[in-house]
Number of protein chains: 2
Amino acid sequence: MSTIKDVATKAGVSRSTVSRVLNNHPYVDEKKRKAVQDAIKELGYTPNSSAQRLRGTETKTIAVLVSRIVNPFFSAVVDAMDEVATMHSYRMILCNTRGRADQELHFLELLRTKQVDGVILASVVNEWETIYPYLQYGPIVLCNEYPRGLHGAPVITIDQKKAMTTITKHLLHKGYHSIAYCNVYDVNHLPEGVRSPLAEDRYEGFVQAMEMEGKVVHSSWRFSGHSVDDGRNILRTILGLTNRPDAIITGSDEIAAGIIAEAKIKNVRIPEDLAVVGFDNQPTATLLEPQLTTIHQPTFEMGKQTMEMLLALLANQVEQFEPVTFLEAPIQIRHST
Amino acid sequence: MSTIKDVATKAGVSRSTVSRVLNNHPYVDEKKRKAVQDAIKELGYTPNSSAQRLRGTETKTIAVLVSRIVNPFFSAVVDAMDEVATMHSYRMILCNTRGRADQELHFLELLRTKQVDGVILASVVNEWETIYPYLQYGPIVLCNEYPRGLHGAPVITIDQKKAMTTITKHLLHKGYHSIAYCNVYDVNHLPEGVRSPLAEDRYEGFVQAMEMEGKVVHSSWRFSGHSVDDGRNILRTILGLTNRPDAIITGSDEIAAGIIAEAKIKNVRIPEDLAVVGFDNQPTATLLEPQLTTIHQPTFEMGKQTMEMLLALLANQVEQFEPVTFLEAPIQIRHST
DNA sequence: CTGAAAGCGCTAACAT
DNA sequence: ATGTTAGCGCTTTCAG
């Protein structure tokens with residue numbers, strides 16, 4: 001494996017000159033520059049980035065933390081981020097936290113130890129006061145999820161509460177009035193005492209819309225989950241209830257898909273017997289039968305803007321940023337409501 | 001940010017002793033060890049891994065290359081790999097190549113520059129002779145896809161040809177005889193002259209089964225694609241044909257889902273007017289209506305065994321490996337055929 | 001415009 | 001059992 005020394009020898013110059021060519025410094029004789037470039041090509045030389053890092057330059061690497069890459073929402077967001085990062089010749093390392101606080105911290109260490117230039121948190125489980133200190137080592141941008149008390153770092157997300165209020169009202173105005181609610185949690189139950197502000201905000205939007213219309217929120221109609229199987233189970237539970245809801249709002253299209261799939265087996269008609277609302281507008285939403293009414297999350301924009309914000313921060317191009325950016329999240333009314 | 005020197009000073013020992021404690025060497029006085037550990041804790045010290053790498057020790061990091069993380073097949077495989085890696089306290093960096101040969105090579109450089117200990121290729125676009133030289137820098141394990149002429153590195157996959165033969169025969173025996181075929185390609189068309197052995201093997205299995213039963217393979221019934229939209233387009237194309245097939249075998253559930261969704265719009269009955277076969281058995285397969293007949297890919301096992309193989313190679317626990325491991329890929333007959 | 005030299009933080013002989 | 005020393009490959013003053 002060739003080093004900068006080999007290139008220097010081959011090109012008949014010093015290591016410094018090679019370094020200058022590498023880093024596009026001005027004031028390098030054209031002939032020497034050419035000689036160096038030829039040597040680099042011939043040797044198939046690539047700078048050892050561990051050495052570059054050690055020397056204190058940037059790593060051109062971003063860490064992206066998600067709780068669960070198999071969630072189509074996350075893979076879509078990550079895909080958009082990757083596109084932007086690649087375009088700016090940044091590399092992206094994907095960290096699957098599985099919703100574990102220790103894993104999250106573990107990956108944040110990458111920033112402290114200068115293995116990455118910046119971090120994107122697409123899901124958060126630790127308290128902000130735990131994460132905040134890492135800001136001194138480099139920029140952090142949040143995407144989608146956010147902790148309470150967030151400050152010092154921007155977040156790109158949607159207005160969760162508003163989205164839920166809108167969809168709840170839609171249901172109410174369509175004549176449904178016994179509405180069940182399924183909260184979303186990811187992978188693991190959150191650690192004792194820690195709650196997801198995102199989920200809380202959504203629920204608050206739901207409750208507010210219900211109360212505004214004088215409707216009661218039944219505690220026995222409150223569920224939680226994140227997977228298709230969770231959805232299936234929820235439908236079965238509902239069927240066991242003496243007092244059944246006529247609609248259910250869920251925290252993800254996956255849960256909704258499970259409910260719909262199980263409903264077919266149990267001969268429950270959607271939306272006549274039970275209206276179903278999803279969240280995310282995943283690719284699956286239009287493939288289901290009936291097609292799913294859901295809230296569209298602008299995954300591409302979300303990933304793109306988040307990565308762009310981080311890169312801008314890295315380039316010191318940001319004087320002052322909006323603490324919160326809300327992207328539009330229109331409701332998609334289809335045939336499940 | 002504190003360094004090993006700070007720790008040494010604080011603990012009143014030399015840097016070597018700190019290093020020894022860090023790396024669990026024997027022969028360290030218990031008192032000093034304790035002093036060092038205390039100093040580490042007080043200073044909140046973490047070794048700078050760029051320095052460690054430069055020095056040539058392991059990185060505890062694996063690079064995983066996939067062409068398209070939004071493909072549920074890949075995210076499932078990656079998820080399984082991540083689980084195994086985490087369990088062995090390895091970190092995983094995800095490289096989304098988008099089917100680009102230069103990106104693939106770029107990420108392979110991580111191995112050469114000692115930024116990762118090993119590489120997993122879940123998709124391959126470069127020729128094996130291009131990739132082969134990287135083996136000298138560390139182990140490479142292939143998963144799912146494979147280049148022609150592969151040697152020196154193990155691959156965990158399924159018997160593509162056999163899977164296609166089996167499913168084609170199923171269709172034939174069920175009475176379908178005008179079978180269209182949709183090849184799978186990922187993200188980009190492959191570079192000129194480069195073909196996907198995986199896709200070729202699948203097609204070969206299809207053709208062989210057809211010919212064995214004396215059926216003709218129509219060239220106008222050959223399509224290719226990878227997305228839901230590709231599937232939609234294919235259905236439209238088929239409807240424009242004067243001589244229509246009565247069944248279609250596709251290279252992924254996503255394509256199949258697109259065909260089914262579009263069929264509904266066009267009032268084409270599945271499977272009466274057109275039988276549809278997918279590939280992968282993605283979570284969506286059972287959510288579609290009709291539920292999709294497909295080939296089950298053991299994503300979890302595939303990811304798990306691939307990562308385990310790589311870790312075993314890294315631990316020098318492997319004398320000699322099976323060049324090819326075929327995992328079972330049973331056909332899932334549901335209602336679309 | 002270019003080279004010599006110092007040093008980033010760490011580990012592994014080599015001495016003791 | 002522990003310290004001293006020599007680099008790993010690179011960038012960046014500092015002189016020329």
Side-chain angles (χ1 to χ4, degrees), chain A residues 1-37 39-40 43-61 109-117 137-138, chain B residues 1-40 43-61 109-117 136-138:
Chain A
M1 182 174 143
S2 54
T3 75
I4 198 172
K5 203 175 168 184
D6 303 327
V7 177
T9 311
K10 181 146 210 140
V13 298
S14 75
R15 289 172 345 197
S16 334
T17 304
V18 176
S19 177
R20 287 192 187 97
V21 173
L22 245 33
N23 297 287
N24 285 316
H25 274 262
Y27 311 134
V28 179
D29 182 84
E30 267 316 310
K31 269 181 194 149
K32 298 209 175 182
R33 163 167 275 132
K34 177 97 181 57
V36 169
Q37 279 162 344
I40 287 176
L43 264 43
Y45 165 79
T46 326
N48 177 322
S49 42
S50 296
Q52 290 180 310
R53 282 172 209 193
L54 182 54
R55 199 58 187 69
T57 45
E58 34 171 30
T59 65
K60 289 277 183 188
T61 307
E109 284 291 314
L110 295 173
L111 188 60
R112 196 167 74 76
T113 55
K114 291 189 179 176
Q115 298 186 69
V116 299
D117 296 340
Y137 307 117
Chain B
M1 188 172 142
S2 53
T3 72
I4 198 171
K5 202 174 168 185
D6 303 327
V7 177
T9 311
K10 182 146 209 141
V13 298
S14 75
R15 291 172 345 205
S16 336
T17 305
V18 177
S19 177
R20 286 190 187 101
V21 172
L22 246 33
N23 298 287
N24 286 314
H25 275 262
Y27 312 132
V28 179
D29 183 83
E30 266 318 309
K31 270 182 195 150
K32 300 210 174 184
R33 162 167 275 132
K34 178 98 180 53
V36 168
Q37 280 161 345
D38 287 350
I40 288 177
L43 264 43
Y45 164 80
T46 328
N48 177 320
S49 41
S50 296
Q52 288 181 312
R53 281 172 208 195
L54 184 54
R55 201 58 188 73
T57 46
E58 40 170 26
T59 64
K60 288 276 182 191
T61 306
E109 283 293 312
L110 295 173
L111 187 60
R112 193 169 72 79
T113 56
K114 292 186 181 178
Q115 298 187 67
V116 299
D117 295 341
Q136 66 188 284
Y137 306 118

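In the text below, chain A, chain B and the rest are named by the order of the sequence lines, each starting its count at 1.
Two residues are said to be in side-chain contact when any heavy atoms from C-beta on lie closer than 4.5 Å; B:L22 and B:P47 meet this criterion. Taking the side chain as every heavy atom from C-beta outward, B:E30 and B:R33 approach each other to under 4.5 Å.
Within the nucleic acid shown, A:V18 has no heavy atom closer than 4.0 Å to any nucleic acid atom.
OP1 or OP2 of C:dG3 has at least one side-chain nitrogen or oxygen of A:K32 nearer than 4.0 Å. Residue A:Q52 places at least one side-chain N or O under 4.0 Å from the OP1 or OP2 atom of D:dT11.
Atom pair A:K31:NZ and C:dT2:C1' shows a separation of 16 Å (rounding to whole Å applied). What separates CG of A:L54 from C1' of C:dC8 is a distance of 4 Å, to the nearest Å. Protein atom CZ of A:R15 is 9 Å distant from nucleotide atom C1' of C:dA4, rounded to whole Å. Distance CG (B:N48) to P (D:dC10): 16 Å, rounded to an integer number of Å.
Minimum atom distance to the side chain of B:T17 is reached by D:dT2, of the listed D:dT2, D:dG9, C:dG3. When distances run from any side-chain atom of B:D29 to the nucleotides D:dT2, C:dC10, C:dG3, the shortest one goes to D:dT2. Side-chain proximity of A:R55 to C:dA6, C:dT11, C:dG3: nearest is C:dA6.
Inter-axis angle, ends of the helix from C:dC1-D:dG16 to C:dT16-D:dA1, five pairs per end, rounded to 10 degrees: 40°.
Partners of A:K34 according to the side chain to side chain contact (heavy atoms under 4.5 Å, CB included) rule, which considers only residues two or more places apart in sequence or in another chain, are A:D38. With sequence neighbours left out, A:R15 forms a salt bridge (Lys or Arg N to Asp or Glu O under 4.0 Å) with no residue at all. Shown here are the side chain to side chain contact (heavy atoms under 4.5 Å, CB included) partners of B:A11, two or more places apart in sequence or in another chain: B:V13, B:A35, B:V36, B:A39. When the side chain to side chain donor-acceptor pair (under 3.5 Å) test is applied to B:S50, no partner is found at least two apart in sequence or on another chain. A:K60 is linked by a salt bridge (Lys or Arg N to Asp or Glu O under 4.0 Å) to A:E58, counting only residues two or more places apart in sequence or in another chain. Not a single side chain to side chain contact (heavy atoms under 4.5 Å, CB included) links A:T9 to another residue, sequence neighbours left out. Residues satisfying the salt bridge (Lys or Arg N to Asp or Glu O under 4.0 Å) test with B:K10, not counting sequence neighbours, are B:E42. For B:Y137, the side chain to side chain contact (heavy atoms under 4.5 Å, CB included) partners are A:M1, B:L111, B:R112, B:Y134, not counting sequence neighbours.
Within residues 2-12 of chain A, the residues having any heavy atom under 4.0 Å from DNA chain D are, by residue number, A:T3, A:I4. Within a heavy-atom distance below 4.0 Å of DNA chain C, the residues of residues 19-27 of chain A found are A:R20, A:Y27.
Between the side chain of A:S16 and the base of D:dT11 there is no donor-acceptor pair of N/O atoms closer than 3.5 Å.
Screening residues 20-29 of chain B for side chain to side chain donor-acceptor pair (under 3.5 Å) gives B:S19-B:N23 as the qualifying pairs, with residues at least two apart or on separate chains.
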